[in-house]
Amino acid sequence: MSAPCQQPTTPAAAPFVPPATAVPLPATPTATVPRPAVDWRIRFAALSLIWGFSFLLIKVGTQGFAPFQVTLGRLLAGTAVLAVAMAMRRERLPRSPRTWGHITVAAFFLNALPFSLFSYAELTIPSTLAGICNATSPLWGMALSVVALSEDRPTRRRVAGLGVGFLGVLTVLGAWQGFSGLDLPGTGMALLASFSYAVGRIYVRRTLAGTGSSTLTLTGSQLFVGTLQLAVVTPVFTSAPDTFPVLPTLSVLALGALGTGLAVLLQYGLVQEVGPTTGQMVTYFIPVIATAAGVALLGEQLTWNTPVGAVIVLAGAALTQSRPSTTANRPGPRFRPRTRFRAADTRPERLSRT
């Protein structure tokens, strides 16, 4: 989902984090962090492209491997990248069994389950639709936070954003046509994957914030546990592949090393440098890039309601993530009551006139 170890933010201050990371990030840029040689705008664009192309890579990967195998390979490659980063920074793994228990639950909801659901979904739905379904995660998160997070009180703007966002979902799915021509199981799995991200993020905010471990450590540990979970499940439902086709194999490796490993480091560095508000904006570019990649490179068909619905979904998601303006909460000029007595008006006749 970096610089020297930073403590995760408290639950009340934790920003929205895109699904690929989904661990607490620093709430503000750190002044002591040296500025990277590459401008943040270039890294922002690279991160948008990496996550946007992830759905195309999943689609290509499932053409040569079973969905669980794609997920396992993705997690293995991503864990390897973060393990190298942790070794270079001499990060220490968490020691508390309680922390590892929370990491295990987070790994299931943020990695093992949604990664597998997206892989299975793209067996029957286009990568463009999967990318748009992924954009509904902030909507699910806002709906769940009302119940699970007492500090997230709904405002009229955020409730309106929730309604607008789900109207966009219905537009994408073509609800007025009775969802004709739509693969409901595949679409349902993609939406369930986005819902799983929202559940996982809320769980992380409630359990892993303030544990004393750095974000890099928590993310690397989470991916490692997710890899173990898939290593147990994959042999039960699939057999070992007989061949390793070049293009699907490269797609899975790129999906893990770039989309699940390098992207986490890029986003963490962005949040530290420019703050979470700018860092989270990458979320709104992902479905756009996923749609463009699916149409241009995979020849997927695109009807009018898909891009229109995607714009509505993104608008709703932006509203659910909005916060009241800080200027609205600033105190106005201090009220100074009229002074009844003046130094020059202390004579009795003056006082009687006031």
Side-chain angles (χ1 to χ4, degrees), residues 1-28 30 33 71-72 74-116 137 141 144-145 147-152 195-233 256 260-269 271-272 276 279-280:
M1 142 259 233
S2 53
C5 262
Q6 298 292 328
Q7 297 299 327
T9 58
T10 60
F16 166 75
V17 184
T21 318
V23 293
L25 293 174
T28 55
T30 306
V33 176
T71 304
L72 178 59
R74 175 183 186 176
L75 287 170
L76 276 171
T79 302
V81 171
L82 292 192
V84 172
M86 291 172 62
M88 293 176 62
R89 291 170 173 82
R90 298 182 179 179
E91 298 278 358
R92 295 183 178 180
L93 294 174
R95 297 182 179 180
S96 170
R98 184 181 182 87
T99 299
W100 279 105
H102 292 316
I103 288 174
T104 300
V105 177
F108 175 75
F109 283 108
L110 293 172
N111 301 117
L113 179 60
F115 289 1
S116 300
S137 187
L144 289 173
S145 66
V147 178
L149 298 175
S150 59
E151 69 271 10
D152 277 359
F195 180 79
S196 179
Y197 284 139
V199 172
R201 281 196 297 272
I202 291 177
Y203 183 83
V204 164
R205 288 178 61 178
R206 292 179 65 95
T207 60
L208 290 176
T211 58
S213 299
S214 71
T215 300
L216 178 59
T217 296
L218 291 176
T219 309
S221 302
Q222 180 181 302
L223 289 181
F224 172 71
V225 173
T227 303
L228 293 181
Q229 292 172 346
L230 260 295
V232 172
V233 171
T260 312
L262 178 62
V264 169
L265 301 177
L266 285 174
Q267 197 220 10
Y268 183 47
V271 171
Q272 284 192 306
Q280 75 183 24

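Values below: every heavy atom of this structure, side chains too, minus hydrogens, waters and symmetry copies. Throughout, residue positions are numbered sequentially from 1 according to the sequence presented.
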Checklist entry - So do the side chains of F195 and L144 get within less than 4.5 Å of each other, counting heavy atoms only? => result yes
At their closest point, which heavy atom of [X] faces which heavy atom of [Y], and how far apart are they?
X: L230; Y: T71; result: CG-CG2, 3.8 Å
X: P94; Y: W100; result: O-NE1, 2.7 Å
X: A107; Y: G226; result: CB-N, 3.7 Å
X: Y197; Y: S137; result: CB-OG, 3.5 Å
X: A85; Y: L265; result: CB-CD1, 4.0 Å
X: R201; Y: L110; result: N-CD2, 3.6 Å

Item to check | Option among N111, T227, T79, L82 that satisfies the side chain to side chain contact (heavy atoms under 4.5 Å, CB included) test with Q222 | outcome: N111
Spell out, as yes or no, whether a donor-acceptor pair under 3.5 Å connects the side chain of [X] to the backbone of [Y].
X: T217; Y: L93; value: no
X: T260; Y: L75; value: no
X: Q229; Y: T104; value: yes

Nearest 0.5 angstrom please: [X] [atom1] to [Y] [atom2], how far?
X: I103; Y: Y203; atom1: CD1; atom2: OH; answer: 10.0 Å
X: L76; Y: L223; atom1: CG; atom2: CG; answer: 10.5 Å
X: S213; Y: R95; atom1: OG; atom2: CZ; answer: 10.0 Å
X: T219; Y: Q267; atom1: OG1; atom2: CD; answer: 9.0 Å

Checklist entry - More than 12 heavy atoms of other residues, nucleotides or ligands under 6.0 Å from CZ of F224: is that the case? => result no
Checklist entry - Between the side chains of S214 and R89, is a donor N or O closer than 3.5 angstrom to an acceptor N or O? => result no
Checklist entry - How about T211 and T99: does a side-chain donor come under 3.5 Å of a side-chain acceptor? => result no
